[in-house]
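In what follows, a single structure is set out as structure tokens and then discussed.
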Amino acid sequence: MASLSDLPLRDDLRGKAPYGAPMDPVKYALNVNENTHPVPGPVREAILAEVSRALESINRYPDREFTALRAALADYASRDRAAGPIDPSMVWAANGSNEVIQQVLQAFGGPGRSVLGFPPSYSMHPIIAESTGTSWSVGSRESDFSLTPDGVRSAIQLTTPNLVFLCAPNNPTGTPVSLETIEAAYDATDGIVMVDEAYVEFRPEGSATASELLPGRERLVISRTMSKAFAFAGARVGYLLADPAVIDALRLVRLPYHLSGITQAAALGALQHSDVMLSMVSDIRDQRDRLLRELPELGYSVCASEANFVLFGGIDDPQQLFRDLLEQDILIRDVGIPGHLRVTAGTKEETSVFLETLGRLRA
Ligand SMILES: *Cc1c(COP(=O)(O)O)cnc(C)c1O
């Protein structure tokens, strides 16, 4: 058998590591920020009905413009938006927001161009940058992992990137990003500003999203996903909101018919029941708040989180604690921040098992 180094691989990919969240089969998988509640039966029925209809014409290529899905996503994204409804022409979708982000980099990044990020943040951002030949620059965060308008502005002035990636709330820290910070980033660059809002549904009720900033800002891109709050990680549906001109740019790089007829149908079926799909969000928020309250009682520090996970610190040996929990059938995430681990807020039962086990291990 050959190894990677025997192959004529692209020079810029040599020595790189692939995305590698462990996929061990465990009873309590609290490692990749999924919604751990299964999709309710009636919603599964609706999805099956849509998929069944899609199968009637599966011999044909699907709607390349996924018109019905874009209308449904526009409708969904228009809820609670003070700036008014999102038009379907402002929506684009792909197989997970990872593919959306890849298409953004294919269109606006690439060899000779650069993207600025603010680690610790989503580990896939630099990986997708590298795979599209876009160079990755980094700016720094405050000691509590927050971003400020001044900090972001000076990082942009220093690195003059073609794209800026902000993650709001930020994975793996849970830290929110203020609209002022996003505006400051936009005003400091002529490039694309992408706000990754994978966890936006978990924000405090009533707080604004970056979508309020879209009017008049044609270089602002907001990526979202059905993988997290929407309990649809296995279906692979992500989307973005942006000026229709951005979407014209993405049409230049997407593969034709990239979103299968079955994917489109499944997402449509689920979106018909968005209220049911989102009904677990407030329970998950409660469990997150419980982690934020109870982890300090066990002697750990926590990062203020507006997402469905908590980064906790004050751990002497994170690798050891990770292994000890795994031995108890609980999988969480070592995100490589010294002294810290990240845990997803699951169901009430899962969160209880995690906290009780941690308390026992601590004793
Ligand atoms: C989980 C996650 C995604 C989701 O990716 P999908 O491809 O839509 O499953 C995107 N961005 C961030 C920051 C995430 O944590």
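The first residue of the sequence shown is numbered 1, and numbering continues consecutively from there. The analysis underlying the following values was restricted to heavy atoms, covering all of them including side chains, and did not include hydrogens, waters or symmetry mates. Remember, it's 1-based here, ligands and their atoms both numbered in the order they're listed.
Contacts with ligand 1 closer than 4.0 Å are made by no heavy atom of Met124, backbone or side chain.
Protein heavy atom in closest approach to atom 15 (O) of ligand 1: Tyr199 OH, 2.6 Å. Among all non-hydrogen protein atoms, the one lying nearest atom 10 (C) of ligand 1 is Ser97 OG, 3.2 Å.
Residues Thr347 and Asp283 form no side-chain contact, since every pair of their non-hydrogen atoms from C-beta on lies 4.5 Å or further apart.
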Quick one: do Arg288 and Glu306 satisfy salt bridge (charged side-chain N to carboxylate O under 4.0 Å, His left out)? Show the steps, please.
CA-CA 9 Å; Arg288 172 202 63 205; Glu306 295 194 356; over 6 Å; no
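Taking only nitrogen or oxygen atoms, main chain and side chain alike, Asn171 reaches within less than 3.5 Å of ligand 1. For a threshold of 3.5 Å applied to N or O pairs, the pair formed by Asp196 and ligand 1 contains at least one separation below that value.
Side chains of Arg224 and Thr209: a donor on one and an acceptor on the other come within 3.5 Å. Using modelled atom types, one finds no donor on one side chain facing an acceptor on the other under 3.5 Å when comparing Asp334 with His340. Under 3.5 Å, the side chains of Ser352 and Glu349 contain no donor-acceptor pair of N or O atoms. Judged purely by distance below 3.5 Å, without hydrogens or angles, the side chains of Asn170 and Arg141 pair a donor atom with an acceptor atom.
Atoms of ligand 1 found under 4.0 Å from any heavy atom of Cys167, numbered from 1 in the order shown, are 13 (C). Against a heavy-atom cut-off of under 4.0 Å, Ala198 is close to the following atoms of ligand 1: 2 (C), 3 (C), 10 (C), 11 (N), 12 (C), 14 (C). For ligand 1, the atoms closer than 4.0 angstrom to any heavy atom of Arg236 are 6 (P), 7 (O), 9 (O). The Lys228 neighbourhood of ligand 1 comprises atoms 1 (C), 2 (C), 3 (C), 4 (C), 14 (C), 15 (O), with distances under 4.0 Å to a heavy atom of that residue. Remark: ligand 1 atoms within the under-4.0 Å shell around heavy atoms of Ser227 are 6 (P), 8 (O), 9 (O). Listed by number with element, the atoms of ligand 1 under 4.0 Å from a non-hydrogen atom of Gly96 are 6 (P), 7 (O), 8 (O).
For Tyr199 and Phe309, the ring centers are positioned less than 6.0 Å apart.
Side-chain atoms of Asp317 come within 3.5 Å of backbone atoms of Gln320 as a donor-acceptor pair (strictly under, hydrogens ignored).
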